[in-house]
Amino acid sequence: MATETAPAPTETDGAHDHPAHLEHHFVSSKQQFDSAKLGMWVFLITEVLLFSGMFVAYAVFRQWNPEVFVAASNTLDQMWGTINTVVLLTSSLTVALSIHYIKQDKVKQCVYYLLSTLGLAGVFMVIKYIEYTAKFEHGIYPGAAFDPHGAHYEHLAGMAAAPQFFSIYFVMTGIHGLHVVIGMLVIGAIAFMAWRGSFSSEWYTPVELTGLYWHLVDIVWIFLFPLLYLI
Amino acid sequence: MSTTTQDAPVEDEAHHDEETNYLNHDTGIWSWLATKDHKRIGILYCISLAVVFLAAGILALFMRAELSAPGETIMGNETYNQVFTMHGILMVFLFLVPSIPAILGNFVLPMQIGAKDVAFPKLNLASWYVYMAGAILTIAALLTGGVDTGWTFYTPYSSTTGGGVLWMTAAIFVAGFASIFTGLNFIVTVHKMRAPGMTWNRLPLFIWGIYATSIVQVLATPVIGITMVLLILEQTMQIGIFDPALGGDPVLFQHFFWFYSHPAVYIMILPAFGILSELIATFSRSRIFGYRAIALSSVAIAMLGFLVWGHHMFVSGQSAISSIVFSLITYLIGIPSGIKVFNWVATLYKGSIWLQTPMLYALSFLFLFTIGGFTGIMVGVLAVDVQLHDTYYVVSHFHYVMMGGSVVALLGGMHYWWPKITGRMYNETLGKIAAGLVFVGFNLTFFPQLVLGSRGMPRRYANYAERFAGLHELSTYGSWVLGAGLFLILGYALWSLAYGEEAPANPWGATTLEWTNVAAIPDHHNFKRTPLVTRGPYDFHLADEVFGGGDGEALGDDVPRIPEPAPSAPTEDDTAASASA
Amino acid sequence: MAHDGPHIVPKSVLLRVFGGLIVLTILTVAVAYVPLGPLGVPVAIGIAAVKASLVVLFFMHLKYDNPVNALTFTIGTIFVIVFVAITLLDTAFRGDLGNVNQRTVQEIQAEQERAEQRNEALPADSLRIAPADYPDQERGASMSTEGGS
Amino acid sequence: MGDFWLPEAASTMAPEVDSLFNFVTVVSTILLVGVVAAMLWFVYRYRRQDPGERPAPVEESKLLEISWIVIPTILVLLVFNWGFKSFIKQKTVPPDAYEIRVQARQWSWTFEYPNGVTSDTMYVPANEPVKTTMSSSNVLHSFFVPAFRVKQDVLPNRYSSVWFEATKKGTYDVFCTEYCGLDHSEMDAAVKVVSRERFDQWLKESATPTDIPLPRLGEQLYSQQGCQGCHSLDGSDMVGPTWQGLYGKTGHEMADGSTVTVDENYLRTSILQSGDKIVQGYQNVMPSYSNLSEREVAGLVAFIKEQSDQEPPQN
């Protein structure tokens, strides 16, 4: 390749600054942003397929034991479920607003809405904790420890597939809750970075990607809520 | 920034080309362990996978030794069960699934599309570390009592048996992420990082193969992840999803498992298709016949591959209606594979065929994969599968596809890209001898197993009836020949690293960018300038740079061809336009 | 790169979408109290799908985004449906040709116990596939029906 | 060719499966030979003779491409259809099939017959459809008889079944083909195909435990065979004569006016050919128990003897 060492034409180079966030192997900020976003979408569908396994388990056991699933579902607290749905939907709105503002360089509002999201996620987890402990008190555990007692739950003891319902319930909401916790950590970090002024309308990729992740967590709950609590 | 040259420090350039390359621009163990260079990550993967392949291969030789005669020969049932389980798990999850994408995909893909790196280099490195974490968990499983469930982990045996099953399922869960990271990276890279002029129709078929693979990796791997999580919960908390004693359904586990593991077969074979297209085109110096058919059939196979998992379950107790549907779709997927074979053979027609070692592997592949395909049709026939399921016929069938297909293609690809990876040539004579040994040894090992299986020899048997003894013995002899061939390859590969002849930039006269526009040993940033692509990947008649000026002047095999790279990209607008295409 | 700034979803749109989501949430809870019979599940999933689409299209910006991202997400969704649907194709028709019993042994035994309690004979077809009426402890009990003339 | 590839065919399904197997093998071999021959011929004919060769690009042929899409599609759909029909036949149990219950466990098989006989070897009558109802007591197993071309996974907590009609007498292997742990490879059994007569005899003999004393066997049979419905042990009169004090009775009056002495021979005849001698005052309603084995008859006789304290006069 000795013949190819002539310096490259540099006519456009001088006119172009090299933003700090641009990694060397990308040609432009747009390419980097588009790549990151496509990467995130691809990651999101892996998440969707991860949850799909549990939806399949739910569908199969529900189809085999529809009455048991209805009976078991009725022991879940619809009020807490509905409140949590509203909480998560609101947190989705706040995260969307934080992206809305960072695109306009309004860093303060962005941080404010990110922190709101964090707070709502915290509320969601607290409610989840209340629900879990209420179940544990009555011997509703996943798996072998399943031993329902108490007036509201006793009738589950003799039902063939009731343990399956609650196993699926705990696994689904547990893995979903794990995603909420991870989301909280990420949102916290992003809020901190935003507060430090790391983001602007020029570069806000991490905020955007975190938002996408958070919306997916919301979408999963949108399906979990009716399946587990309502029908 | 518009051109790529600005990354290469101008003052260095005079020395740069001769002396620094991706191997020596930075040294020390840390420069490798912290590298974000796709080429170095490819090599890290190559070393790890070679160790795994060696371990799993030695286990296979032990299995064949045990089976050389009926009764107990060198190990008891318990050991044998652990050995075949480890062979399967190592080969499938830790070798075949990552193999071609992680080694050759990592090394070649960015160069072939004219990119400086994959889209997410850090994620790429993370993929290797996650893979290594999976490997360590596998070792933990061995230390905690080993695993004897078979690589399929069928419940309730896997959820009730002790030993290292818990660690092993965790290992597979973790290793899955390595696979997801690689696939995600490649999808984005192919979409967003192509050089100007590198349209979808000009992508080399290796890229198409890897791209289709990546789709499967991304869509299927999460399901094995959740399956393993549920299995772990079944073991630890008895959640009763898969264990029939607790009201679960063991057949449901098989659905979960095969929803990943059947597409995983395509994770293993699609990149092999890609390699084969490169080899056939380069060594017959002709345009791939039916480029579009091969490219699109890869994607079609990737998608259809998700609809056929139940053909592993014809006798499992699933409903007959699903068996019938799965069987029908299985046939439809056989057709794109057949089209590929016909197209490759047609590519040879009126070519200029050069029988170097990689081409010998390509021709072996055509033979072995065709047998693998036809036996696949056989086991897809509903009524016949009832006889053949879980016998040596199936064992032989998937070895014809996985070993005769994927591994042979990988060997061909490793020989083909060896000069580019190491900058050295391997010994051609030894290469041909080894290719011959692998071919003969493979058939001697696995053809008898086809006959054994159709005669009713069940798989996963440590011991067998006297009437199967002759063919088993033959198969064991074959495994020695195959092993000898593979060890010979290992030997001359190591020899070549130290003493091999220095390789020219384009020893095969290939036309894809990694040969024409990259130095003999690639630069750290791959290209001096981002290339501008003006022709298809196999347009040998247009590829003047391959022939040193296009005057048709005859060059000796030993004369290094001087590549004249395609021109560099003129403006950033073109780059951006193509990148966002 | 001279592009004309990022696309910004107007605040009004975000708020309207949020309003829609809340309304749909109330709707789905309300519908749960209406006895819809077999339609209950599809209606609930339908409402959830509409809500999810709203989130994907507006909150996640997919309506304005690169079509490749939309394609990616669509393919992911399709494969979830494939996974659920084809698995149900097995579990819903398990035992369709009689080579596997549709019901588990537990279920059959539970039914037998109920039948014994009611002092009734079992349906003939469950006897046919589950001959649990000659368990080990009563060996030879049914000999007269088999060997007798 | 079938002999090389496939094991002995000993069921009605086997020829059907085998012809399909052979068809696919033959077509595959022809295509394989064609592909490899073309490949080798091209490799030889177009071998590189000059390192600088630049062959002209070959025009793609739409016709060729379409033909190798369409022809294989037709072939595989043909094979699918054939396999599908056989599969339905394989899976549809004939209604009159004789049922054998199969219990699988780590690592053995037990075969249980409708009369309660259990065996670790499977006996089946030739030329009759047989259905297995199988379940497992722990993990997955699979019931495989290569000679019959049948295989079906055996699941815990669920009954699965196969059916077959054996056509050739002989002994064949039963294998477990679903990996089930340590001694998976030792989990085999034999299936013996015998004539119906031989089968019935085996069933009867096996049903007769040899390890209990004859009178106790008779006592069991008394209730199992329904004797107690007609013959009392306490002297009360039922449909048939009571057995109390029956044995050793002389001058037992028959319907035709003759008298007999109740000895072993008389009892034996009455059990096996019940219509021969009808006791005065009773109807000819007793079925013949000719299906009982020798030992069972002896057992019943011994039991009847116990009900009496007299012996027939020796003469």
Side-chain angles (χ1 to χ4, degrees), chain A residues 16 27-31 33-34 37-38 40-42 44-49 51-53 55-56 59-64 66 70 78 81-82 85-86 89-90 92-93 95-97 99-101 103-104 160 201 204 208 211-212 214-216 218-220 222-227 229-231, chain C residues 1 3 5-11 14-15 17-18 21-22 24-26 28-29 31-33 36 40-41 43-45 47-49 51-52 55-56 58-62 65-66 68-77 79-81 83-85 87-88 90-92 94 103-104 106-107 110:
Chain A
H16 225 76
V27 175
S28 65
S29 293
K30 183 174 184 330
Q31 187 189 28
F33 178 73
D34 284 353
K37 206 159 172 187
L38 178 60
M40 193 65 199
W41 276 104
V42 173
L44 292 186
I45 65 170
T46 69
E47 291 278 15
V48 168
L49 278 140
F51 279 100
S52 77
F55 283 111
V56 170
V60 166
F61 283 98
R62 184 187 176 90
Q63 176 224 333
W64 278 339
V70 169
Q78 279 190 12
T82 312
T85 309
V86 174
L89 287 174
T90 316
S92 246
L93 175 71
V95 91
L97 284 170
I99 294 164
H100 173 83
Y101 283 113
K103 283 177 177 174
Q104 302 168 47
S201 63
Y204 56 90
E208 173 101 7
L212 287 177
W214 192 252
H215 293 309
L216 187 88
D218 187 24
I219 287 174
V220 171
I222 285 176
F223 283 97
L224 289 185
F225 171 58
L227 290 182
Y229 289 81
L230 297 181
I231 55 176
Chain C
M1 186 90 210
H3 53 84
H7 176 272
I8 301 172
V9 186
K11 200 171 172 179
L14 293 178
L15 289 173
V17 168
F18 178 69
L21 288 169
I22 296 296
L24 285 169
T25 303
I26 294 165
T28 192
V29 174
V31 162
Y33 289 97
L36 287 173
V41 178
V43 165
I45 291 175
I47 294 175
K51 285 165 74 180
V55 174
V56 170
F58 297 98
F59 284 179
M60 294 172 94
H61 205 255
L62 206 55
D65 221 336
N66 193 326
V68 172
N69 297 346
L71 184 69
T72 308
F73 194 71
T74 313
I75 288 174
T77 316
F79 278 100
V80 174
I81 295 169
F83 189 14
V84 176
T87 307
L88 287 180
D90 165 27
T91 57
R94 190 70 66 80
R103 291 170 305 162
T104 64
Q106 279 173 351
E107 284 165 352

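All values below come from the heavy atoms of this structure, side chains included, with hydrogens, waters and symmetry mates left out. Throughout, a chain's letter reflects where its sequence line sits, starting with A, and its residues are numbered from 1. From a predicted model like this one, the values you see are computed outputs, not experimental measurements.
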Shortest non-hydrogen contact from [X] toward [Y]:
{"X": "C/F83", "Y": "A/G53", "answer": "CE2-CA, 3.8 Å"}
{"X": "A/Q63", "Y": "C/L88", "answer": "OE1-CD2, 3.2 Å"}
{"X": "A/P226", "Y": "C/T28", "answer": "CB-OG1, 4.5 Å"}
{"X": "A/I222", "Y": "C/A48", "answer": "CG2-O, 3.4 Å"}

Under 4.5 Å from any heavy atom of chain A - which part of [X]:
{"X": "C/D65", "value": "side chain"}
{"X": "C/I45", "value": "both"}
{"X": "C/V29", "value": "both"}
{"X": "C/F58", "value": "neither"}

To the nearest 0.5 Å, what is the distance between CZ on C/F59 and CG on A/L216?
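Result: 14.5 Å between the selected atoms.
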Separation of C/I47 CD1 from A/F225 CZ (nearest 0.5 Å):
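With rounding to 0.5 Å, CZ (A/F225) is 10.5 Å from CD1 (C/I47).
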Main-chain N/O of [Y] paired to [X] side chain as donor or acceptor, under 3.5 Å:
{"X": "A/K103", "Y": "C/H7", "result": "yes"}
{"X": "A/W41", "Y": "C/V68", "result": "no"}
{"X": "A/H100", "Y": "C/V9", "result": "yes"}

Given heavy-atom pairs under 4.5 angstrom as the criterion, report whether the side chain, backbone, both or neither of [X] touches chain C.
{"X": "A/L44", "answer": "side chain"}
{"X": "A/W64", "answer": "side chain"}
{"X": "A/I99", "answer": "neither"}
{"X": "A/A59", "answer": "both"}
{"X": "A/Y204", "answer": "side chain"}
{"X": "A/F51", "answer": "neither"}
{"X": "A/T90", "answer": "both"}
{"X": "A/Y101", "answer": "side chain"}
{"X": "A/T85", "answer": "side chain"}

Any side-chain heavy-atom pair from [X] and [Y] closer than 4.5 angstrom?
{"X": "A/V48", "Y": "C/F79", "result": "no"}
{"X": "A/H215", "Y": "C/L62", "result": "no"}
{"X": "C/L15", "Y": "A/L93", "result": "yes"}
{"X": "A/L38", "Y": "C/T72", "result": "yes"}
{"X": "A/I219", "Y": "C/M60", "result": "yes"}

Heavy-atom pairs under 4.5 Å with chain A - which of [options] has more of them than the others?
{"options": "C/K11, C/K51, C/H61", "result": "C/K11"}
{"options": "C/E107, C/Q106, C/R94", "result": "C/R94"}
{"options": "C/V55, C/I75, C/V17, C/L36", "result": "C/V55"}

Holding to ring-ring contact (aromatic ring centres under 6.0 Å, His included), I want the full list of residues that pass it with C/F18, two or more places apart in sequence or in another chain.
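C/F18 satisfies ring-ring contact (aromatic ring centres under 6.0 Å, His included) with no residue once adjacent residues are dropped.
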Test side-chain contact (heavy atoms from CB on, under 4.5 Å) on A/K37 and C/N66; report intermediate values, then the result.
CA-CA 10 Å; A/K37 206 159 172 187; C/N66 193 326; over 6 Å; no
